[in-house]
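I have placed the structure first, in the form of C-alpha coordinates, so that the comments after it can refer back to it.
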Amino acid sequence: MPFDLRNQYDKIYRYCYLRVHSRETAEDLTQETFLRFLEKPQYHNKNKDLQYLYTIAGNLCIDEYRRKTTEELPEDLPDDTDNENKVLTSIALSGALKKLPDEDREIILLRYVNEEPVGVISKLYNISRFALNRRIKNILEFLRKEFEKEDLK
Amino acid sequence: MNKKSKKTLKNAFNIPEPNQKDSFFNKLDIKPERKFSSFIPVYLPTAIVAVMVIGVWGGIKNLPRFEQPENTDNNIIYSSESSVSENQTDYSVQTSLSSVRNSENQNRTTTAVQNDNGNTVTDEKNMSVTTTSAKTTNKNSDKNKDESSADSPSENSSENTSDSTSEASHTTNTSRNTTNVKTTGTTTLSTRDENNIKPTKPLTSTQTTTTEHKGFSPLPQTTTTTFEDSVDFPSCTAPVVDVPPDYTIKPPVRYYPDNNAVDINDVIQNDPNPPSTDGQPGDSTTATWEDFLDNSDMILIATVDDVIYTAIDGVPYTQENISVSEVIKGDIEQYSKISVYSNGGYIPASEYKIQLDWAIENNFMLFDPAQNKTVSQVGDEYLYFIKKSHFPLPDGSYSLTTYSDMSKFRYKDGHYINMNNSNIILDFDDLTNN
(Lines give C-alpha, C1' and ligand atoms only; values in the text may rest on other atoms or scores of the structure.)
Protein backbone atom coordinates (compact mmCIF):
# COMPACT_ATOMS: atom_id res chain seq x y z
CA MET A 1 0.00 0.00 0.00
CA PRO A 2 1.62 3.24 -1.05
CA PHE A 3 1.58 5.48 1.95
CA ASP A 4 1.43 9.20 1.27
CA LEU A 5 1.49 11.27 4.43
CA ARG A 6 -0.10 14.23 2.68
CA ASN A 7 -3.11 12.15 1.81
CA GLN A 8 -3.27 10.74 5.28
CA TYR A 9 -3.20 14.25 6.71
CA ASP A 10 -6.67 15.01 5.38
CA LYS A 11 -8.05 11.77 6.71
CA ILE A 12 -6.58 12.19 10.16
CA TYR A 13 -7.73 15.77 10.21
CA ARG A 14 -11.30 14.77 9.42
CA TYR A 15 -11.14 12.09 12.06
CA CYS A 16 -9.94 14.60 14.66
CA TYR A 17 -12.40 17.23 13.60
CA LEU A 18 -15.29 14.84 14.03
CA ARG A 19 -14.21 14.40 17.61
CA VAL A 20 -13.19 17.87 18.67
CA HIS A 21 -15.44 20.01 16.44
CA SER A 22 -12.77 22.64 16.02
CA ARG A 23 -10.68 23.30 12.96
CA GLU A 24 -7.70 24.71 14.78
CA THR A 25 -7.71 22.05 17.45
CA ALA A 26 -8.16 19.33 14.87
CA GLU A 27 -5.22 20.62 12.89
CA ASP A 28 -3.06 20.82 15.98
CA LEU A 29 -3.94 17.29 16.89
CA THR A 30 -3.34 16.11 13.36
CA GLN A 31 0.10 17.63 13.27
CA GLU A 32 0.90 16.27 16.68
CA THR A 33 -0.18 12.87 15.44
CA PHE A 34 2.22 12.98 12.53
CA LEU A 35 5.06 14.28 14.63
CA ARG A 36 4.67 11.46 17.09
CA PHE A 37 4.33 8.97 14.28
CA LEU A 38 7.51 10.16 12.60
CA GLU A 39 9.48 10.35 15.82
CA LYS A 40 8.80 6.77 16.81
CA PRO A 41 10.31 4.17 14.50
CA GLN A 42 8.44 1.43 16.28
CA TYR A 43 5.22 2.79 14.85
CA HIS A 44 6.37 2.13 11.34
CA ASN A 45 5.01 -1.15 10.24
CA LYS A 46 4.15 -1.75 6.65
CA ASN A 47 0.79 -3.23 7.47
CA LYS A 48 -0.21 -1.13 10.43
CA ASP A 49 0.67 2.42 9.53
CA LEU A 50 -2.90 3.56 9.18
CA GLN A 51 -3.91 1.81 12.34
CA TYR A 52 -1.11 3.47 14.26
CA LEU A 53 -1.99 6.89 12.89
CA TYR A 54 -5.63 6.56 13.87
CA THR A 55 -4.73 5.18 17.25
CA ILE A 56 -2.40 8.08 17.99
CA ALA A 57 -4.98 10.57 16.76
CA GLY A 58 -7.71 8.96 18.81
CA ASN A 59 -5.64 9.05 21.96
CA LEU A 60 -4.75 12.69 21.38
CA CYS A 61 -8.41 13.52 20.88
CA ILE A 62 -9.27 11.81 24.13
CA ASP A 63 -6.57 13.79 25.93
CA GLU A 64 -7.84 16.96 24.36
CA TYR A 65 -11.39 16.18 25.37
CA ARG A 66 -10.35 15.61 28.96
CA ARG A 67 -8.40 18.82 29.01
CA LYS A 68 -11.25 20.81 27.51
CA THR A 69 -13.82 19.50 29.91
CA THR A 70 -11.72 20.67 32.81
CA GLU A 71 -11.29 24.11 31.30
CA GLU A 72 -14.33 25.23 29.47
CA LEU A 73 -17.02 24.10 27.14
CA PRO A 74 -16.11 24.35 23.49
CA GLU A 75 -17.36 27.49 21.94
CA ASP A 76 -16.86 26.52 18.37
CA LEU A 77 -19.24 23.66 18.00
CA PRO A 78 -20.46 23.43 14.43
CA ASP A 79 -23.35 25.71 13.94
CA ASP A 80 -26.36 23.96 12.53
CA THR A 81 -27.50 27.07 10.70
CA ASP A 82 -24.17 27.52 9.01
CA ASN A 83 -24.07 23.94 7.98
CA GLU A 84 -27.49 24.12 6.47
CA ASN A 85 -26.61 27.23 4.61
CA LYS A 86 -23.45 25.70 3.25
CA VAL A 87 -24.78 22.38 2.18
CA LEU A 88 -28.43 22.64 1.52
CA THR A 89 -28.70 19.28 -0.09
CA SER A 90 -27.41 17.44 2.90
CA ILE A 91 -29.47 18.95 5.65
CA ALA A 92 -31.45 15.86 6.26
CA LEU A 93 -28.38 13.69 6.08
CA SER A 94 -26.55 15.92 8.51
CA GLY A 95 -29.44 15.57 10.88
CA ALA A 96 -29.43 11.87 10.46
CA LEU A 97 -25.73 11.70 11.12
CA LYS A 98 -26.11 13.69 14.29
CA LYS A 99 -28.57 11.16 15.56
CA LEU A 100 -25.96 8.48 15.28
CA PRO A 101 -23.79 7.55 18.22
CA ASP A 102 -20.32 9.05 18.04
CA GLU A 103 -18.63 5.78 17.28
CA ASP A 104 -21.04 4.94 14.48
CA ARG A 105 -20.48 8.35 13.00
CA GLU A 106 -16.75 7.78 13.11
CA ILE A 107 -17.11 4.43 11.43
CA ILE A 108 -19.10 5.94 8.58
CA LEU A 109 -16.56 8.70 8.20
CA LEU A 110 -13.67 6.28 8.15
CA ARG A 111 -15.31 3.89 5.76
CA TYR A 112 -16.97 6.19 3.24
CA VAL A 113 -15.29 9.57 3.57
CA ASN A 114 -11.75 8.48 4.35
CA GLU A 115 -12.35 5.25 2.45
CA GLU A 116 -10.29 3.18 4.81
CA PRO A 117 -10.24 -0.60 4.39
CA VAL A 118 -12.53 -2.67 6.55
CA GLY A 119 -9.54 -4.47 8.02
CA VAL A 120 -8.04 -1.26 9.35
CA ILE A 121 -11.28 -0.05 10.88
CA SER A 122 -12.06 -3.40 12.44
CA LYS A 123 -8.67 -3.48 14.13
CA LEU A 124 -9.08 0.10 15.24
CA TYR A 125 -12.30 -0.71 17.04
CA ASN A 126 -11.18 -4.18 17.99
CA ILE A 127 -14.06 -5.96 16.31
CA SER A 128 -14.09 -8.55 13.58
CA ARG A 129 -14.61 -7.65 9.96
CA PHE A 130 -17.76 -9.65 10.10
CA ALA A 131 -19.17 -7.59 12.93
CA LEU A 132 -18.02 -4.36 11.33
CA ASN A 133 -19.79 -5.14 8.08
CA ARG A 134 -22.95 -5.90 9.93
CA ARG A 135 -22.66 -2.70 11.92
CA ILE A 136 -22.06 -0.59 8.83
CA LYS A 137 -25.04 -2.17 7.19
CA ASN A 138 -27.23 -1.31 10.15
CA ILE A 139 -25.98 2.27 10.19
CA LEU A 140 -26.67 2.71 6.51
CA GLU A 141 -30.11 1.26 6.97
CA PHE A 142 -30.73 3.79 9.71
CA LEU A 143 -29.51 6.62 7.51
CA ARG A 144 -31.72 5.45 4.67
CA LYS A 145 -34.72 5.62 6.87
CA GLU A 146 -33.76 9.04 8.13
CA PHE A 147 -32.91 10.36 4.77
CA GLU A 148 -34.85 8.65 2.08
CA LYS A 149 -34.11 11.18 -0.61
CA GLU A 150 -30.44 10.41 -0.68
CA ASP A 151 -29.22 7.41 -2.56
CA LEU A 152 -27.08 5.43 -0.16
CA LYS A 153 -27.02 2.06 -1.78
CA MET B 1 -22.17 3.22 -2.36
CA ASN B 2 -21.48 5.31 -5.43
CA LYS B 3 -19.31 8.41 -5.67
CA LYS B 4 -22.26 10.75 -5.55
CA SER B 5 -23.48 9.25 -2.32
CA LYS B 6 -20.01 9.41 -0.84
CA LYS B 7 -19.70 13.03 -1.79
CA THR B 8 -23.06 13.80 -0.29
CA LEU B 9 -22.08 11.99 2.85
CA LYS B 10 -18.82 13.87 3.03
CA ASN B 11 -20.63 17.18 2.69
CA ALA B 12 -23.07 16.13 5.36
CA PHE B 13 -20.26 15.89 7.86
CA ASN B 14 -19.56 19.58 7.28
CA ILE B 15 -15.87 19.28 7.93
CA PRO B 16 -13.92 22.33 6.80
CA GLU B 17 -10.75 21.84 4.82
CA PRO B 18 -7.51 22.11 6.75
CA ASN B 19 -5.55 25.28 6.10
CA GLN B 20 -2.23 24.44 7.74
CA LYS B 21 -1.44 21.30 5.82
CA ASP B 22 1.11 22.77 3.43
CA SER B 23 2.82 24.86 6.06
CA PHE B 24 3.10 21.83 8.31
CA PHE B 25 4.80 19.69 5.73
CA ASN B 26 7.02 22.56 4.68
CA LYS B 27 8.24 22.90 8.24
CA LEU B 28 9.26 19.30 8.42
CA ASP B 29 12.95 18.92 7.87
CA ILE B 30 12.62 15.73 5.94
CA LYS B 31 10.01 15.17 3.35
CA PRO B 32 7.48 12.95 5.00
CA GLU B 33 7.12 10.60 2.08
CA ARG B 34 10.81 10.01 1.78
CA LYS B 35 11.36 9.71 5.48
CA PHE B 36 8.58 7.29 5.89
CA SER B 37 9.39 5.20 2.88
CA SER B 38 12.96 4.87 4.01
CA PHE B 39 12.00 3.20 7.24
CA ILE B 40 10.64 0.03 5.76
CA PRO B 41 13.48 -0.92 3.42
CA VAL B 42 16.09 -0.01 6.03
CA TYR B 43 14.70 -1.87 8.99
CA LEU B 44 13.96 -5.15 7.35
CA PRO B 45 17.40 -5.84 5.87
CA THR B 46 19.05 -4.46 8.98
CA ALA B 47 17.16 -6.89 11.13
CA ILE B 48 17.98 -9.77 8.81
CA VAL B 49 21.67 -8.91 8.77
CA ALA B 50 21.69 -8.56 12.55
CA VAL B 51 20.13 -11.97 13.00
CA MET B 52 22.61 -13.52 10.60
CA VAL B 53 25.56 -11.89 12.32
CA ILE B 54 24.36 -13.01 15.72
CA GLY B 55 23.83 -16.52 14.42
CA VAL B 56 27.28 -16.73 12.85
CA TRP B 57 28.92 -15.18 15.88
CA GLY B 58 27.14 -17.57 18.20
CA GLY B 59 28.13 -20.50 16.06
CA ILE B 60 31.75 -19.48 15.98
CA LYS B 61 31.81 -18.82 19.69
CA ASN B 62 30.45 -22.25 20.47
CA LEU B 63 32.92 -24.08 18.29
CA PRO B 64 35.46 -26.12 20.25
CA ARG B 65 38.62 -24.21 20.84
CA PHE B 66 41.85 -25.43 19.46
CA GLU B 67 45.13 -24.37 20.85
CA GLN B 68 47.46 -23.60 18.08
CA PRO B 69 50.94 -24.92 18.55
CA GLU B 70 53.51 -22.28 19.06
CA ASN B 71 55.94 -23.80 16.67
CA THR B 72 55.71 -21.28 13.91
CA ASP B 73 58.10 -23.15 11.79
CA ASN B 74 59.89 -21.96 8.85
CA ASN B 75 59.28 -25.20 7.04
CA ILE B 76 56.38 -27.42 7.91
CA ILE B 77 55.17 -30.42 6.04
CA TYR B 78 51.75 -31.75 6.87
CA SER B 79 50.88 -35.14 5.55
CA SER B 80 47.25 -36.03 6.00
CA GLU B 81 45.30 -39.17 5.18
CA SER B 82 41.59 -38.73 5.52
CA SER B 83 38.74 -41.13 5.18
CA VAL B 84 35.48 -39.26 4.92
CA SER B 85 32.06 -40.80 4.88
CA GLU B 86 28.90 -38.80 4.46
CA ASN B 87 25.27 -39.66 4.88
CA GLN B 88 24.45 -40.22 1.27
CA THR B 89 27.73 -40.44 -0.56
CA ASP B 90 30.50 -42.56 0.82
CA TYR B 91 33.89 -41.85 -0.42
CA SER B 92 37.38 -41.88 0.84
CA VAL B 93 39.99 -39.36 0.20
CA GLN B 94 43.67 -39.57 0.76
CA THR B 95 45.35 -36.29 0.74
CA SER B 96 48.76 -35.08 1.46
CA LEU B 97 48.97 -31.56 2.70
CA SER B 98 52.34 -30.01 2.59
CA SER B 99 53.57 -26.62 3.39
CA VAL B 100 56.95 -25.16 3.00
CA ARG B 101 57.95 -21.94 4.61
CA ASN B 102 61.03 -19.91 4.31
CA SER B 103 61.92 -16.36 4.78
CA GLU B 104 60.93 -15.47 1.25
CA ASN B 105 57.43 -16.85 1.46
CA GLN B 106 56.33 -15.87 4.87
CA ASN B 107 52.79 -14.99 3.98
CA ARG B 108 51.91 -18.28 2.41
CA THR B 109 50.09 -20.71 4.56
CA THR B 110 49.52 -24.23 3.36
CA THR B 111 49.65 -26.05 0.08
CA ALA B 112 47.35 -29.00 -0.22
CA VAL B 113 48.38 -31.71 -2.64
CA GLN B 114 46.58 -34.89 -3.41
CA ASN B 115 48.73 -38.00 -3.22
CA ASP B 116 47.49 -39.73 -6.35
CA ASN B 117 48.14 -37.19 -9.00
CA GLY B 118 49.43 -34.17 -7.24
CA ASN B 119 46.36 -32.04 -7.80
CA THR B 120 45.63 -29.32 -5.35
CA VAL B 121 42.77 -30.07 -3.02
CA THR B 122 40.19 -27.36 -2.95
CA ASP B 123 37.29 -29.21 -1.40
CA GLU B 124 35.59 -26.72 0.87
CA LYS B 125 34.13 -29.42 3.10
CA ASN B 126 37.51 -30.83 3.79
CA MET B 127 38.87 -27.45 4.42
CA SER B 128 36.19 -26.38 6.79
CA VAL B 129 35.76 -29.55 8.77
CA THR B 130 38.71 -31.83 8.68
CA THR B 131 41.39 -29.28 8.43
CA THR B 132 40.58 -25.70 9.02
CA SER B 133 44.20 -25.13 8.37
CA ALA B 134 43.61 -25.90 4.73
CA LYS B 135 43.11 -22.35 3.72
CA THR B 136 45.26 -22.91 0.72
CA THR B 137 47.23 -20.78 -1.55
CA ASN B 138 48.62 -22.50 -4.52
CA LYS B 139 51.35 -20.19 -5.52
CA ASN B 140 54.09 -22.63 -4.59
CA SER B 141 52.19 -25.78 -5.33
CA ASP B 142 54.49 -26.84 -8.11
CA LYS B 143 57.42 -26.62 -5.88
CA ASN B 144 55.85 -28.66 -3.16
CA LYS B 145 54.23 -31.23 -5.40
CA ASP B 146 57.58 -32.60 -6.28
CA GLU B 147 58.50 -32.95 -2.70
CA SER B 148 55.34 -34.17 -1.08
CA SER B 149 53.57 -36.28 -3.64
CA ALA B 150 56.44 -38.54 -4.36
CA ASP B 151 57.57 -39.20 -0.85
CA SER B 152 56.13 -40.48 2.35
CA PRO B 153 55.76 -38.12 5.27
CA SER B 154 58.86 -39.41 6.91
CA GLU B 155 60.75 -38.96 3.72
CA ASN B 156 59.54 -35.43 3.46
CA SER B 157 60.83 -34.71 6.87
CA SER B 158 64.24 -35.87 6.07
CA GLU B 159 64.42 -34.09 2.78
CA ASN B 160 63.38 -30.79 4.10
CA THR B 161 65.80 -30.90 6.94
CA SER B 162 68.58 -29.92 4.67
CA ASP B 163 67.23 -26.58 3.64
CA SER B 164 64.96 -25.74 6.50
CA THR B 165 65.21 -25.48 10.20
CA SER B 166 62.17 -27.43 11.28
CA GLU B 167 59.74 -29.96 9.96
CA ALA B 168 56.54 -31.59 11.02
CA SER B 169 54.49 -34.47 9.82
CA HIS B 170 50.86 -34.74 10.63
CA THR B 171 48.82 -37.83 9.92
CA THR B 172 45.11 -37.68 10.45
CA ASN B 173 42.41 -40.27 10.05
CA THR B 174 39.03 -38.69 10.04
CA SER B 175 35.54 -40.09 9.83
CA ARG B 176 32.60 -37.82 9.98
CA ASN B 177 29.02 -37.21 9.16
CA THR B 178 27.29 -33.95 8.61
CA THR B 179 26.12 -33.26 12.12
CA ASN B 180 28.41 -35.09 14.45
CA VAL B 181 32.06 -35.47 13.85
CA LYS B 182 34.21 -37.97 15.60
CA THR B 183 37.83 -37.63 14.89
CA THR B 184 40.38 -40.24 15.59
CA GLY B 185 43.87 -39.58 14.57
CA THR B 186 47.50 -39.69 15.28
CA THR B 187 49.59 -36.63 15.07
CA THR B 188 53.30 -36.68 14.91
CA LEU B 189 55.18 -33.49 15.08
CA SER B 190 58.79 -33.74 14.20
CA THR B 191 60.80 -30.65 14.61
CA ARG B 192 64.44 -30.12 14.87
CA ASP B 193 66.60 -27.15 15.17
CA GLU B 194 70.17 -26.68 15.97
CA ASN B 195 69.92 -23.15 17.20
CA ASN B 196 66.84 -22.75 19.28
CA ILE B 197 64.55 -24.98 21.32
CA LYS B 198 60.97 -24.21 22.12
CA PRO B 199 58.45 -26.49 23.73
CA THR B 200 55.54 -27.43 21.56
CA LYS B 201 52.00 -27.88 22.69
CA PRO B 202 50.31 -31.08 21.67
CA LEU B 203 47.59 -30.90 19.09
CA THR B 204 44.29 -31.40 20.77
CA SER B 205 42.08 -31.46 17.73
CA THR B 206 42.37 -31.50 14.01
CA GLN B 207 39.16 -29.61 13.52
CA THR B 208 40.44 -26.11 13.83
CA THR B 209 44.05 -26.32 12.96
CA THR B 210 45.09 -22.99 11.55
CA THR B 211 48.61 -22.49 10.51
CA GLU B 212 49.91 -19.11 9.61
CA HIS B 213 53.62 -18.71 9.49
CA LYS B 214 55.09 -15.29 9.46
CA GLY B 215 58.32 -15.73 11.27
CA PHE B 216 61.35 -17.83 11.40
CA SER B 217 61.20 -19.77 14.60
CA PRO B 218 62.83 -23.16 14.35
CA LEU B 219 61.86 -25.79 16.88
CA PRO B 220 64.47 -28.46 17.53
CA GLN B 221 62.18 -30.81 19.37
CA THR B 222 60.48 -34.01 18.49
CA THR B 223 57.03 -34.56 19.87
CA THR B 224 54.65 -37.41 19.20
CA THR B 225 51.04 -36.95 20.17
CA THR B 226 48.22 -39.40 19.83
CA PHE B 227 44.76 -38.11 20.30
CA GLU B 228 41.18 -39.20 20.01
CA ASP B 229 38.67 -36.48 19.93
CA SER B 230 34.94 -36.26 19.58
CA VAL B 231 33.44 -32.97 18.62
CA ASP B 232 29.79 -32.07 18.49
CA PHE B 233 28.97 -29.16 16.33
CA PRO B 234 26.81 -26.60 18.10
CA SER B 235 23.27 -26.34 16.92
CA CYS B 236 22.26 -23.00 15.54
CA THR B 237 18.99 -21.62 16.76
CA ALA B 238 16.85 -20.13 14.05
CA PRO B 239 14.69 -17.10 14.79
CA VAL B 240 11.27 -17.98 16.08
CA VAL B 241 8.58 -17.37 13.51
CA ASP B 242 4.89 -17.49 14.21
CA VAL B 243 3.57 -20.35 12.19
CA PRO B 244 -0.16 -20.91 12.13
CA PRO B 245 -1.14 -24.22 13.71
CA ASP B 246 -1.46 -26.97 11.19
CA TYR B 247 -4.08 -29.57 12.07
CA THR B 248 -4.27 -31.07 8.63
CA ILE B 249 -3.97 -34.80 8.40
CA LYS B 250 -2.42 -37.15 5.94
CA PRO B 251 -5.03 -38.85 3.80
CA PRO B 252 -5.12 -42.65 3.76
CA VAL B 253 -4.49 -42.63 0.03
CA ARG B 254 -4.48 -40.02 -2.66
CA TYR B 255 -6.00 -40.30 -6.11
CA TYR B 256 -5.69 -37.74 -8.80
CA PRO B 257 -8.54 -36.52 -10.97
CA ASP B 258 -8.86 -37.97 -14.43
CA ASN B 259 -10.55 -36.19 -17.28
CA ASN B 260 -11.71 -39.55 -18.62
CA ALA B 261 -13.25 -40.59 -15.35
CA VAL B 262 -16.66 -42.24 -15.53
CA ASP B 263 -19.43 -40.60 -13.58
CA ILE B 264 -20.62 -43.06 -11.01
CA ASN B 265 -24.23 -42.10 -11.62
CA ASP B 266 -23.97 -43.36 -15.15
CA VAL B 267 -22.41 -46.56 -13.96
CA ILE B 268 -24.99 -47.19 -11.28
CA GLN B 269 -27.82 -46.76 -13.75
CA ASN B 270 -26.35 -49.58 -15.73
CA ASP B 271 -25.59 -51.64 -12.68
CA PRO B 272 -28.18 -54.25 -11.74
CA ASN B 273 -27.59 -53.66 -8.02
CA PRO B 274 -27.24 -49.94 -7.44
CA PRO B 275 -26.16 -48.91 -3.94
CA SER B 276 -28.87 -47.75 -1.63
CA THR B 277 -28.70 -44.18 -0.36
CA ASP B 278 -31.66 -44.45 1.98
CA GLY B 279 -31.07 -43.15 5.43
CA GLN B 280 -28.02 -41.16 4.54
CA PRO B 281 -27.91 -37.77 6.16
CA GLY B 282 -28.05 -34.47 4.39
CA ASP B 283 -31.13 -34.58 2.29
CA SER B 284 -30.86 -31.19 0.66
CA THR B 285 -34.60 -30.77 0.42
CA THR B 286 -35.14 -30.94 4.15
CA ALA B 287 -32.12 -29.09 5.53
CA THR B 288 -32.98 -26.01 7.57
CA TRP B 289 -31.04 -23.31 9.30
CA GLU B 290 -31.54 -25.10 12.54
CA ASP B 291 -29.86 -28.13 11.03
CA PHE B 292 -26.87 -26.08 10.07
CA LEU B 293 -26.50 -24.24 13.34
CA ASP B 294 -27.30 -27.06 15.71
CA ASN B 295 -25.24 -29.68 13.95
CA SER B 296 -22.23 -27.53 13.26
CA ASP B 297 -19.31 -27.55 15.65
CA MET B 298 -17.69 -24.72 13.79
CA ILE B 299 -18.63 -22.04 11.29
CA LEU B 300 -15.64 -20.72 9.43
CA ILE B 301 -14.59 -18.62 6.54
CA ALA B 302 -11.64 -20.38 4.99
CA THR B 303 -9.58 -20.71 1.85
CA VAL B 304 -8.93 -24.00 0.14
CA ASP B 305 -5.23 -24.86 0.15
CA ASP B 306 -5.42 -28.33 -1.32
CA VAL B 307 -8.04 -30.72 -2.65
CA ILE B 308 -7.20 -34.39 -2.11
CA TYR B 309 -9.28 -37.25 -3.44
CA THR B 310 -9.07 -40.27 -1.22
CA ALA B 311 -11.06 -43.33 -0.25
CA ILE B 312 -11.83 -45.28 2.88
CA ASP B 313 -13.16 -48.83 2.62
CA GLY B 314 -14.03 -48.37 -1.01
CA VAL B 315 -15.96 -45.15 -0.43
CA PRO B 316 -14.59 -42.05 -2.13
CA TYR B 317 -14.05 -38.92 -0.09
CA THR B 318 -12.64 -35.51 -0.81
CA GLN B 319 -10.29 -34.00 1.71
CA GLU B 320 -10.01 -30.24 1.57
CA ASN B 321 -7.12 -28.70 3.47
CA ILE B 322 -8.26 -25.22 4.34
CA SER B 323 -6.78 -22.17 6.03
CA VAL B 324 -9.15 -20.50 8.44
CA SER B 325 -9.40 -16.79 7.84
CA GLU B 326 -12.29 -16.03 10.18
CA VAL B 327 -13.97 -17.95 12.96
CA ILE B 328 -17.66 -17.28 13.43
CA LYS B 329 -18.41 -20.20 15.68
CA GLY B 330 -16.20 -22.77 17.28
CA ASP B 331 -13.00 -23.09 19.19
CA ILE B 332 -10.14 -22.87 16.74
CA GLU B 333 -7.37 -20.40 16.12
CA GLN B 334 -7.56 -17.99 13.29
CA TYR B 335 -5.21 -18.82 10.39
CA SER B 336 -4.97 -22.43 11.48
CA LYS B 337 -5.11 -25.18 8.90
CA ILE B 338 -7.52 -28.08 9.09
CA SER B 339 -8.76 -30.95 6.93
CA VAL B 340 -12.42 -31.13 5.99
CA TYR B 341 -13.89 -34.30 4.53
CA SER B 342 -16.81 -34.39 2.16
CA ASN B 343 -18.43 -37.27 0.39
CA GLY B 344 -17.58 -38.15 -3.17
CA GLY B 345 -14.55 -37.81 -5.35
CA TYR B 346 -12.35 -39.77 -7.66
CA ILE B 347 -11.55 -43.43 -7.08
CA PRO B 348 -10.15 -46.20 -9.26
CA ALA B 349 -12.73 -48.74 -10.32
CA SER B 350 -10.69 -51.49 -8.74
CA GLU B 351 -10.97 -49.84 -5.35
CA TYR B 352 -14.62 -48.89 -5.49
CA LYS B 353 -17.01 -50.55 -3.08
CA ILE B 354 -19.05 -51.93 -5.96
CA GLN B 355 -17.10 -54.28 -8.15
CA LEU B 356 -17.79 -53.27 -11.71
CA ASP B 357 -16.00 -55.81 -13.80
CA TRP B 358 -15.99 -53.91 -17.05
CA ALA B 359 -14.68 -50.79 -15.34
CA ILE B 360 -12.00 -52.74 -13.55
CA GLU B 361 -10.91 -54.46 -16.73
CA ASN B 362 -10.54 -51.13 -18.46
CA ASN B 363 -8.83 -49.63 -15.44
CA PHE B 364 -11.31 -46.77 -15.33
CA MET B 365 -11.22 -43.98 -12.83
CA LEU B 366 -14.68 -43.37 -11.35
CA PHE B 367 -16.07 -40.07 -10.17
CA ASP B 368 -18.71 -40.03 -7.48
CA PRO B 369 -20.33 -36.57 -7.11
CA ALA B 370 -22.28 -37.76 -4.05
CA GLN B 371 -25.02 -35.15 -4.42
CA ASN B 372 -22.46 -32.37 -4.60
CA LYS B 373 -23.17 -29.74 -7.18
CA THR B 374 -19.73 -28.22 -7.27
CA VAL B 375 -16.09 -29.21 -6.94
CA SER B 376 -13.79 -27.09 -4.84
CA GLN B 377 -10.69 -25.61 -6.36
CA VAL B 378 -7.51 -24.49 -4.68
CA GLY B 379 -7.82 -20.83 -3.75
CA ASP B 380 -11.58 -20.82 -3.35
CA GLU B 381 -12.95 -19.16 -0.24
CA TYR B 382 -16.05 -20.52 1.37
CA LEU B 383 -18.18 -20.18 4.44
CA TYR B 384 -18.04 -23.65 5.98
CA PHE B 385 -20.43 -25.36 8.36
CA ILE B 386 -18.45 -28.28 9.71
CA LYS B 387 -18.36 -30.76 12.54
CA LYS B 388 -15.82 -33.15 13.95
CA SER B 389 -15.48 -36.31 11.94
CA HIS B 390 -16.41 -39.71 13.19
CA PHE B 391 -15.40 -43.21 12.19
CA PRO B 392 -14.41 -44.20 9.57
CA LEU B 393 -13.03 -40.76 8.82
CA PRO B 394 -9.58 -40.07 10.33
CA ASP B 395 -9.29 -38.64 13.81
CA GLY B 396 -8.57 -34.95 13.89
CA SER B 397 -10.39 -34.27 10.69
CA TYR B 398 -13.64 -32.42 10.18
CA SER B 399 -16.50 -33.06 7.83
CA LEU B 400 -19.26 -31.01 6.34
CA THR B 401 -22.32 -30.73 8.48
CA THR B 402 -24.55 -32.04 5.71
CA TYR B 403 -24.07 -34.93 3.35
CA SER B 404 -23.51 -32.72 0.35
CA ASP B 405 -21.97 -29.32 -0.28
CA MET B 406 -25.01 -27.62 1.20
CA SER B 407 -22.75 -26.76 4.08
CA LYS B 408 -20.62 -24.53 1.90
CA PHE B 409 -21.37 -20.98 0.84
CA ARG B 410 -19.56 -18.70 -1.52
CA TYR B 411 -19.43 -14.95 -0.95
CA LYS B 412 -20.87 -12.88 -3.74
CA ASP B 413 -22.19 -9.34 -3.81
CA GLY B 414 -22.44 -9.04 -0.08
CA HIS B 415 -24.19 -12.34 0.45
CA TYR B 416 -23.25 -15.95 0.94
CA ILE B 417 -24.78 -18.21 -1.67
CA ASN B 418 -25.19 -21.90 -1.05
CA MET B 419 -23.00 -24.11 -3.20
CA ASN B 420 -25.68 -26.74 -3.57
CA ASN B 421 -28.73 -24.59 -3.94
CA SER B 422 -28.23 -21.08 -5.21
CA ASN B 423 -31.66 -20.12 -3.94
CA ILE B 424 -30.39 -20.35 -0.40
CA ILE B 425 -28.74 -17.04 0.35
CA LEU B 426 -27.22 -16.29 3.70
CA ASP B 427 -26.78 -12.80 5.01
CA PHE B 428 -24.65 -11.68 7.91
CA ASP B 429 -27.71 -10.99 10.00
CA ASP B 430 -29.05 -14.47 9.43
CA LEU B 431 -26.07 -15.98 11.13
CA THR B 432 -25.73 -13.61 14.01
CA ASN B 433 -29.43 -13.44 14.74
CA ASN B 434 -29.58 -17.18 14.94
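Just so it is clear: chains get the letters A, B, ... in the order the sequence lines come, proteins before strands, and each one is counted from 1.
In this structure, A/R129 places its CZ atom where only 12 or fewer heavy-atom neighbours from other residues, nucleotides or ligands lie under 6.0 Å away. Surrounding OH of B/Y247 are more than 12 heavy atoms belonging to other residues, nucleotides or ligands, all under 6.0 Å away. Atom NZ of B/K388 sits in a sparse spot, with 12 or fewer heavy atoms from other residues, nucleotides or ligands closer than 6.0 Å. Sparse packing is recorded around CG of A/N126, with 12 or fewer heavy atoms of other residues, nucleotides or ligands lying under 6.0 Å away.
In this view, B/Y309 satisfies the side-chain hydrogen bond (donor to acceptor under 3.5 Å, both in side chains) rule with no residue, not counting sequence neighbours. Annotation: ring-ring contact (aromatic ring centres under 6.0 Å, His included) contacts of B/F24 (sequence neighbours excluded): A/Y9.
Only the side chain of A/Y13 comes within contact range of chain B, with heavy atoms under 4.5 Å apart. The part of A/E27 that comes within reach of chain B is its side chain, from C-beta onward, which places non-hydrogen atoms under 4.5 angstrom from that chain. Proximity to chain A involves both the backbone and the side chain of B/Q20, based on heavy atoms less than 4.5 angstrom apart. With a 4.5 angstrom heavy-atom cutoff, A/N114 does not touch chain B via any of its atoms.
In this structure, A/V113 and B/I15 have side chains that are not in contact, with every pair of non-hydrogen atoms separated by 4.5 Å or more. No side-chain heavy atom of A/Y17 sits less than 4.5 Å from a side-chain heavy atom of B/P18.
Summarising the geometry, atom CG belonging to B/L383 is positioned 7.5 Å from atom CZ belonging to A/F130; distances are rounded to the nearest 0.5 Å. The distance from the CG atom of A/N7 to the NZ atom of B/K21 is 6.0 Å, given to the nearest 0.5 Å. The distance from the CG atom of A/L18 to the CZ atom of B/F13 is 5.5 Å, given to the nearest 0.5 Å.
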